[in-house]
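Taking it in order: structure first as structure tokens, then the write-up.
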Amino acid sequence: MQLALREVTKRFGSLVANDRISLTVEGGEIHCLLGENGAGKSTLMNVLYGLYRADEGQIVLDGEVQSFTGPGDAIAAGIGMVHQHFMLVPVFTVAENVMLGNEETGFAGSLDLEAARERVREISARFGFHVDPDAVVGDLPVGVQQRVEIIKVLSRDAKVLVFDEPTAVLTPQETDELMEIMRELRRSGAAIVFITHKLREVREVADRITVIRRGQVVGEAEPSASNAELAAMMVGRPVELTVSKKEPELGAASLVVEGLTVVDPAGLVQVDDISFEVRDGEILAVAGVQGNGQTELTEALLGLQHHVLGSIRLDGRELVGRKVRDVLDAGVGFVPEDRQVDGLVGSFTIAENLMLDRSFGAPFVRAGSLQLSALQEFAEEKLAQYDVRAPGITTPAGNLSGGNQQKVVVARELSRELRLLVAAQPTRGVDVGSIEFIHSQIVATRDAGVPVIVVSTELDEVVALADRIMVLYRGRVVGIVPADTPRQVLGLMMTGEPPTGDVA
Amino acid sequence: MSTPHAAAPTDDRAGRPDGPHVMTTASPKVAIILGVVTLLLAAVVAFGSQTGDTTFRLSTRRDLAQLPDVTVPANATAWVAIVLMALATAEAVRRYLARTKVPLWLPAAYGVVAMIGFLAWAAAGATLPVIGLLAGALALAVPLVFGALGGVLGERVGVVNIAIDGQLLAGAFAAALVGSLLGSAWAGLIGAMLAGALVGLVLGVFAISYFVDQVIVGVVLNVLIIGLTSFMFSQVLAPNAATLNSPPRLGPVSVPLLGEIPVIGPILFRQSVVVYLLYVAVAVVTWSLYRTRWGLRVRAVGEHPQAADTVGINVLRTRYRTLLIAGATAGAGGAFYTLVSVSQFNREMTGGAGYIALAAVIFGKWDPIRATLAALLFGFASNLQGVLSVIGSPVPSEFMLMLPYVVTVFAVAGLVGRSRPPAAVGTPYRKG
């Protein structure tokens with residue numbers, strides 16, 4: 001089946017998310033859609049899937065112009081989508097999720113669950129998945145959940161498959177397996193659209209590459225193109241892909257964590273008896289697939305978790321059991337993993353966001369009143385210093401792009417006297433230009449002699465920043481290894497395999 | 001050096017060498033509540049000592065098989081119950097200290113024992129008609145159960161249905177009016193369902209299409225319907241009571257055979273047709289919700305509307321349709337007031353039953369069967385109040401009037417345990 005998009009345009013108010021985008025995908029080929037976060041890839045695919053209606057342009061399948069009023073039409077036409085945020089109902093079983101919207105029924109609309117189970121087993125067998133049709137989806141690891149998404153799409157006989165950022169939540173090994181599945185699907189004649197911003201994956205499986213920037217197609221590339229070429233096309237200028245940093249000047253081990261255990265409200269142990277230390281002037285990068293205890297670890301460091309056992313000592317002072325404000329006063333800076341939920345108040349101005357954790361006294365508050373002139377001066381200085389692209393300091397933070405929002409958070413955290421910096425996913429959803437800047441700020445903090453913990457699920461970022469790498473798996477430390485450990489070893493460690501041979 | 005920041009959790013890692021293990025963080029809630037209630041009852045019995053015997057009558061005069069009355073000494077029985085309650089409390093404390101879960105049968109058995117002890121004390125020197133107490137409890141629970149079913153349906157599809165009370169009241173009003181006009185109780189029942197569905201539709205328009213806060217719309221609707229029906233009552237129904245406010249009654253009908261079973265028969269099977277309709281409604285709602293395509297889609301829309309949308313399910317249409325059914329169900333409950341309980345409509349005659357039904361929804365963890373049981377419990381509490389004041393118990397009737405609400409608060413706060421509402425409840429669905 002051939003899919004063609006012709007001059008598709010989609011606007012949201014004054015923002016043009018897709019500007020006359022055209023592309024074709026043939027059966028039996030993998031077509032990569034490469035672009036930064038916010039370039040308009042997902043919008044385009046949502047138009048294709050009938051979730052959005054295009055303002056202009058056409059979707060053509062095998063020469064026939066389609067007009068989708070909803071995903072139901074797109075599915076009926078043979079388009080299937082594996083969503084970035086899985087479209088699965090967590091409390092349903094695998095079989096129920098697969099059958100939803102496509103149910104086989106018996107007497108008076110009663111569900112034929114057995115048929116759905118059989119369907120899951122049959123497709124699982126065909127692709128070598130091991131998926132129990134009666135497992136509750138919310139209990140499954142993300143990698144398996146993604147397979148359920150794939151089974152769901154295949155059970156509807158899709159001929160065009162769209163994978164929207166499918167590798168964001170996978171380990172390197174799971175990513176390799178997904179690539180193999182995509183090749184298998186290609187062999188069976190499916191047309192595949194693979195959306196990603198990861199260059200390595202593109203070059204591995206793509207037959208053709210289309211690069212999108214700011215809603216427009218900026219060109220096609222060959223899979224043989226180099227990383228630097230692809231990155232330059234994606235960003236629109238040459239990009240420094242590596243972080244330049246000098247050898248660390250290590251000081252005393254100021255942060256000592258011993259036997260740290262975090263239990264969540266449901267009683268699950270999310271961080272399991274982990275111990276490590278970070279020295280002054282050192283970056284410890286915490287690697288691992290999302291959901292292996294990183295969030296709970298960073299929150300425990302800040303005093304945001306309730307059921308914490310063990311000890312966290314900063315400069316010899318115990319932090320476990322202390323209030324968040326005491327922890328902040330001890331000099332801990334925190335870049336939370338979700339800036340829109342924990343990092344910023346979207347409806348507050350940039351200036352107000354810059355003083356969020358300093359509302360207790362001088363210089364911004366005196367006798368209970370805000371010192372607006374001090375705040376204004378401070379905010380304008382930071383705006384310039386951190387290169388935040390915004391109309392002014394009174395712009396609501398929610399109106400900024402992801403990269404600029406993150407710069408505001410980083411500016412706030414680094415403008416205090418720090419004794420420890422905890423940065424969780426510091427560049428998630430941030431444009432490449434801002435990534436460079438934020439990385440250089442983190443390295444500068446380390447060079448100033450502050451211990452730094454960077455949590456990232458992106459192996460590239462971990463390798464680029466780390467002086468040492470700690471890998472977490474199911475809340476436990478798999479190992480702490482030097483920064484030059486081969487990726488393959490790190491990838492295996494992320495699946496729980498301890499490193500062999502010499503480790504630091 | 002390690003500072004346990006919370007109640008020290010135990011570790012049951014044994015037997016699960018790999019993978020995330022679970023620590024139980026047990027809650028002392030159940031133990032505390034049981035202890036407080038035991039002490040309260042002990043204080044009441046100690047300070048208000050009763051003399052004489054209490055008779056529990058287990059059959060009615062119409063029964064084929066007459067069960068003998070049970071007579072017990074009032075004070076002694078109460079004290080035996082208190083001792084048993086103290087033992088149950090001790091077991092709950094032991095389980096809390098051992099970090100194991102308190103099984104549901106413990107508070108349930110405790111409740112039955114506490115009730116027997118309390119009744120033995122409160123009805124000292126009198127005869128307590130057990131059958132009448134339970135049958136009356138069922139009758140009082142009927143609107144609550146219909147309302148709770150409506151609430152479960154609404155919330156399962158993702159819309160908070162605070163307007164249950166309005167639906168009950170609108171149903172009661174419509175049943176009286178339509179029933180009187182057409183001279184048919186059945187027509188009144190259908191009118192009640194239509195009226196309830198209409199309230200559901202209005203709720204839907206604001207909550208689904210205009211994204212108005214669902215709780216606010218619901219409360220406003222309730223107040224609006226109180227005003228509307230009171231106005232109509234005083235201006236239209238009351239002056240023409242003979243023609244517009246005297247619907248025919250759906251009296252009790254004894255089911256052959258089933259109605260003759262001792263104890264159960266007179267309680268369950270000598271009721272009005274509306275009660276039998278209720279049995280059917282509970283069964284149908286439960287089966288549809290868990291076993292049919294419709295139910296799967298309803299639950300999907302309430303849990304993850306976007307996922308439902310991406311597989312081609314029309315979220316808004318599903319929500320509207322389910323809200324209409326929910327409204328009709330609650331409306332049928334309203335008909336019970338004017339077609340069964342009393343044969344005429346009165347101002348604010350639901351007395352906030354819709355809110356109790358909503359509590360039953362939460363107490364019942366959004367499950368039709370459990371919500372029904374919860375509603376029955378609330379019905380029992382209300383009827384107890386009536387029965388005790390009739391047989392002249394020493395408990396002031398004002399206190400007894402309070403009882404259903406105390407039970408509601410205790411039930412919702414303490415004994416439900418962890419309950420999880422449908423994930424998308426209260427959130428309007430907007431497309432990108």
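Chain naming here is simple, since letters A, B, ... match the order of the sequence lines and numbering starts at 1 in each. Just so it is clear, the values below take in all heavy atoms, side chains as well, and ignore hydrogens, waters and symmetry mates.
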Salt bridge A/Arg117-A/Asp134, side-chain N to carboxylate O under 4.0 Å: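 Judged by the 4.0 Å cut-off on N to carboxylate O distance, A/Arg117 and A/Asp134 do form a salt bridge.
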Answer yes or no: is there an ion pair linking B/Arg156 with B/Glu303, defined by an N-O contact shorter than 4.0 Å?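 No, B/Arg156 and B/Glu303 are not salt-bridged.
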For chain A, which residues from residues 312-332 of chain B lie under 4.5 Å away (heavy-atom distances)?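 Hits under 4.5 Å: B/Gly312, B/Ile313.
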Side chain to side chain donor-acceptor pair (under 3.5 Å) partners for A/Glu299, two or more places apart: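 Once residues adjacent in sequence are excluded, the partners of A/Glu299 under the side chain to side chain donor-acceptor pair (under 3.5 Å) criterion are A/Gln305.
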Interface moiety of [X] toward chain B, non-hydrogen atoms closer than 4.5 Å:
X	value
A/His85	neither
A/Ser110	both
A/Asp112	neither

Could you check, using the six-membered ring where one of them is a Trp, whether A/His83 and A/Tyr49 have ring centers closer than 6.0 angstrom?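 Ring centroids of A/His83 and A/Tyr49 are less than 6.0 Å from each other.
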Side-chain donor/acceptor pairs under 3.5 Å, residues 66-80 of chain A, sequence neighbours excluded:
unit_1, atom_1, unit_2, atom_2, d
A/Gln66, NE2, A/Glu64, O, 3.4
A/Thr69, OG1, A/Asp73, OD2, 2.6
A/Asp73, OD2, A/Thr69, N, 2.8

Quick one: which residue pairs count as a salt bridge (Lys or Arg N to Asp or Glu O under 4.0 Å) with a foot in residues 274-296 of chain B, not counting sequence neighbours?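 Non-adjacent pairs meeting salt bridge (Lys or Arg N to Asp or Glu O under 4.0 Å): zero.
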Report yes or no: is the cationic atom of B/Lys365 (NZ for Lys, CZ for Arg) under 6.0 Å from the centre of the six-membered ring of B/Phe363, at an angle within 45° of the ring normal?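 No, cation not above the ring by the 6.0 Å, 45° rule.
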